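This report refers to the structure that appears directly beneath it.
Every chain is numbered from 1, with letters handed out A, B, ... down the list of sequences. Just so it is clear, the structure is predicted and the values come from calculations on it, not from any experiment.
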2 protein chains.
Amino acid sequence: MRTEGRAKRLPRAVRERQIMDAAVDVFSRLGFHAASMDEISEVAGISKPMLYAYLGSKDELFATCIRREATRMMEAIATGVEPDQEPDVQLWSGLRAFFGFVGENRASWQVLHRQASNQGGPFAAELTDMRGRAVSLVAALLTQSTKAPATKLEAESLAAALVGAGESLAEWWLDHPEEPAGVVAARLMNLVWMGFGDLVEGNVWHPPSRR
Amino acid sequence: MRTEGRAKRLPRAVRERQIMDAAVDVFSRLGFHAASMDEISEVAGISKPMLYAYLGSKDELFATCIRREATRMMEAIATGVEPDQEPDVQLWSGLRAFFGFVGENRASWQVLHRQASNQGGPFAAELTDMRGRAVSLVAALLTQSTKAPATKLEAESLAAALVGAGESLAEWWLDHPEEPAGVVAARLMNLVWMGFGDLVEGNVWHPPSRR
DNA sequence: CAGTATTCTTACTCGCGAGTAGGTACCAGG
DNA sequence: CCTGGTACCTACTCGCGAGTAAGAATACTG
């Protein structure tokens, strides 16, 4: 008496999605090393050779995961920010979009940040690449401000710091999920735009009153 | 015709140091997973059973590495900061000490940051622990400022962001070694103390003129 | 329904690396 | 020169997990 009969035969495209979802889930929970192809196939509800037939080796699979999730995230952010606004407003909407994405895609975020960042394989390139794009984006934002940082190096390093702060804060957020995304985003916005100096004085940044 | 004769017999304490140095080196270059005990023993100039006799399993060895390097770093920072100064000066000296350490201990830093951060094993605890100590330190610094962040949560999250910014900037620095430590540290100091808002206006932070 | 393409599985191989058994050189002190 | 102890090695075992061979079951097409 099978409870479910036999799993249905599905077209390749659909299976690939299922497998990718399972892979992101397992990689995010266990990390690249501890995740085994056997477990991924089990979670995906198929057998191991399918994995290899459809997605190639473990390294390829992981790289594909990174690429997919990175793209999803960058798109989410790009959608959230309006390019014709003032720099501070752009930054603000970017931060909101970022924390919004992380909040709703814990697994994606963990794969991207925790797992990919240190695995020295060929896939690190994917992650480094996305990170680079994010940094460039922010750097461009900074340079576009009037009396902005003089050297290109300076803008880039500040952007790297900001991106790192965002990543780190997102990580911290995972351990304090009770805080809403907007609050966390606002906090970072205040830090990077006003600085501690102003915060200590009681000066805070707030979005220009719409409407 | 051996070039070097036979390696000398050394007392246990000395060997342990050698092994730890080799382990940090290999772990930092290859990551935890890709690093094999065989390679570590080879770099250390001894044979594998010595590793196990002296430092225990691979996990134990790695945890010991993390602990040693983390301690070294925290001490370096603690030495660099004078506790009776104004908050901004304390932060400044802390940042200088941090970047100074990273600049002179690339391998240590890579083991700490890149490798340990994601390996989900028992040693992640070591790293999380040190990171927590750093965050608490900074959080205390913030709370000690007069009109500082109201909630404990707020201070802690800002501290997490700052620490993340530091880590990220250090990472960026590895790819741009031509910049001196002091410049990088000053940049981060300006970012977190003045904020982009002030930087855009041309207001920069500078240390109170000593002497 | 024959023929063919595609989905999917069971049941392996095989190398790599963690960990070990058992023994050898070297140095004390009596 | 024996006795014991510590530093050190060669040469294994053994499990785990990546990757595969060979074929079974199902769907499409004329």
Review point. Got a sec, which residues hit salt bridge (charged side-chain N to carboxylate O under 4.0 Å, His left out) with B:Arg12, two or more places apart in sequence or on another chain?
Key: B:Glu16
Exercise for review: Rounded off to whole Å, could you give me the CG-to-P distance for the A:Asp38 and C:dC12 pair?
Suggested key: 15 Å
**Study point:** Distance-only donor-acceptor test, B:Arg9 side-chain atoms vs D:dT6 base atoms, 3.5 Å
**Key:** yes
Check your understanding: About how many Å separate CZ of B:Arg15 and CG of B:Leu10, when rounded to the nearest 0.5 Å?
Key -> 4.0 Å
Check your understanding: Roughly how many Å is it from OH in A:Tyr54 to C1' in C:dT6, rounded to a whole number?
Key -> 7 Å
Check your understanding: Among C:dG19, D:dG19, D:dC9, which is the nearest nucleotide to the side chain of B:Lys48?
Key -> C:dG19
Review point. Do the side-chain N or O atoms of A:Arg15 get closer than 4.0 angstrom to the phosphate oxygens (OP1, OP2) of C:dT6?
Key: no
Exercise for review: Between A:Tyr52 and B:Pro49, just flag the one whose closest nucleotide in DNA chain D comes earlier from the 5' side.
Suggested key: B:Pro49
Check your understanding: When the aromatic ring centroids of B:Trp109 and B:Phe98 are compared, is their separation below 6.0 Å?
Key -> yes
Check your understanding: Which part of the nucleic acid, if any, lies within reach of B:Ala34 when heavy atoms closer than 4.0 Å are counted: base, sugar-phosphate only, or nothing?
Key -> nothing
Point to revise | Atom-to-atom span, CD1 of A:Ile40 to P of D:dG17 - whole angstrom | key: 12 Å
Exercise for review: Looking at every strand, decide which applies to A:Ser47 at a 4.0 Å heavy-atom threshold: base, sugar-phosphate, or nothing.
Suggested key: base
Exercise for review: Figure out the CD/P separation between A:Glu60 and D:dA18, and round it to whole Å.
Suggested key: 14 Å
Point to revise | Distance in angstrom units between A:Asp59 CG and D:dG17 P, rounded | key: 16 Å
**Study point:** Proximity to the side chain of B:Leu10 - top-ranked nucleotide from C:dA18, D:dC8, D:dA18
**Key:** D:dC8
Practice item. Would you please classify the geometry between the B:Phe32 ring and the B:Phe27 ring as parallel, tilted or perpendicular, with 30° and 60° separating the classes? Key: parallel
Review point. Between the base of C:dG19 and the side chain of B:Lys58, is there a donor-acceptor distance below 3.5 Å?
Key: no
Exercise for review: Could you tell me whether A:Met50 contacts a base, only the sugar-phosphate backbone, or nothing, with contacts defined as non-hydrogen atoms closer than 4.0 Å?
Suggested key: base
